[in-house]
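Here is the structure we will look at.
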Amino acid sequence: MGGRIANFSKGPLPKAPEKRKVARRLHDRPYLAFLHTLPCCISGTTNDVIAHHITIGRGRMGVKEDDSLALPLSAQWHNDFPQSLHAVGEKNFWRRWGVDPFALASDLYGLFQQRGQAKREAFVLIAGHRALAQRRIEIGLKLFSEDQCNDR
C-alpha cells in the first residue's frame, strides 16, 4: 500500500491544464440585414426571408455560427414545410436541393465585404448558385455522401 502514496519530494505538482479559450463568433448585423433583402437561395422568393446559419460539421450544439456562414432562406423552407431544413436535417436538405451552402455563403459574404449592399450582384450570384444546383441535380451529383446524411 505504501507504493500508492504520492511522493511529493520530487518537486511541485504539475500545473492544471489551462482552460481552452472559446473563439468569439463573428457578429455582422449589417450583413444579416442585407441577407433579409435577398431572395431565398432555394425558392427565389423575397417574401419572409430569414438568415439561416450553416451548422454542418461544426460540432458545437446550441452555439450559433458566425454571421459570415449565413444564407438567405425563406421561413417556409427553414422550418414550415414537411421537407424543410429543420424537418429533414441540414445535410439532407442541402443535398436534396443541390446547393453548396459553404460556397454560396463564402461568395455572398465576400461580395458584401467587397461591395457592401450590392443587391443586383447578389441576386445574380444567388441565381447562378441555384442554376448550378439544378445542374448538379440533373447529372446526379450529390454534395454529401449517404453516410454523412444519415448522421444528421
Donor-acceptor contact below 3.5 Å, side chain His36 vs main chain Leu32
yes
Please report the closest heavy-atom contact between Phe93 and Gln83, naming both atoms and the distance.
CD1-O, 3.7 Å
Straight-line distance of Tyr109 OH to Leu69 CG, nearest 0.5 Å:
10.0 Å
Donor-acceptor pair, side chain of Ser84 and main chain of Phe81, under 3.5 angstrom
yes
Derivation of the side-chain contact (heavy atoms from CB on, under 4.5 Å) call for Trp94 and Asp100:
CA-CA 7 Å; Trp94 296 119; Asp100 184 344; over 6 Å; no
By side-chain contact (heavy atoms from CB on, under 4.5 Å) - contacts of Leu141 (at least two apart):
Arg136, Ile139
Distance alone, cut at 3.5 Å: any donor-acceptor contact between the side chains of Thr55 and Glu90?
yes
Counterpart residues, side-chain contact (heavy atoms from CB on, under 4.5 Å), relative to Ser43 (two or more places apart)
Cys40, Thr45, Ser74, Trp77
Scan Thr37, Ile42, Ile50, Val49 and name whichever one has a side-chain contact (heavy atoms from CB on, under 4.5 Å) with Pro72.
Val49
What's the separation between atom CZ in Arg115 and atom CZ in Arg120, rounded to the nearest 0.5 Å?
10.0 Å
Of all residues at least two apart in sequence or in a different chain, which pass the side chain to side chain donor-acceptor pair (under 3.5 Å) check with Glu138?
Arg135
Closest approach of Pro82 to Val88 (non-hydrogen atoms, all atoms of both residues)
O-CG1, 4.0 Å
To check you understand the geometry: which heavy-atom pair defines the closest contact between Asp66 and His53, and what is its length?
O-CD2, 3.4 Å
Nearest 0.5 angstrom please: Leu35 CG to Gln117 CD, how far?
9.5 Å
Phe112 CZ to Tyr31 OH distance, which is reported to the nearest 0.5 Å:
8.5 Å
Nearest non-hydrogen partners of Cys41 and Leu73, listed with the distance
SG-CD1, 4.1 Å
Do Leu71 and Pro101 have side-chain heavy atoms sitting under 4.5 Å apart?
yes
Could you tell me whether the side chain of Ile126 reaches within less than 4.5 Å of the side chain of Leu108, counting heavy atoms only?
yes
Same apolar cluster (I L V M F W Y, side chains within < 4.5 Å links), Leu104/Trp97
yes
What about Leu132 and Leu38, same hydrophobic cluster or not, with Ile/Leu/Val/Met/Phe/Trp/Tyr joined at side-chain heavy-atom distances under 4.5 Å?
no
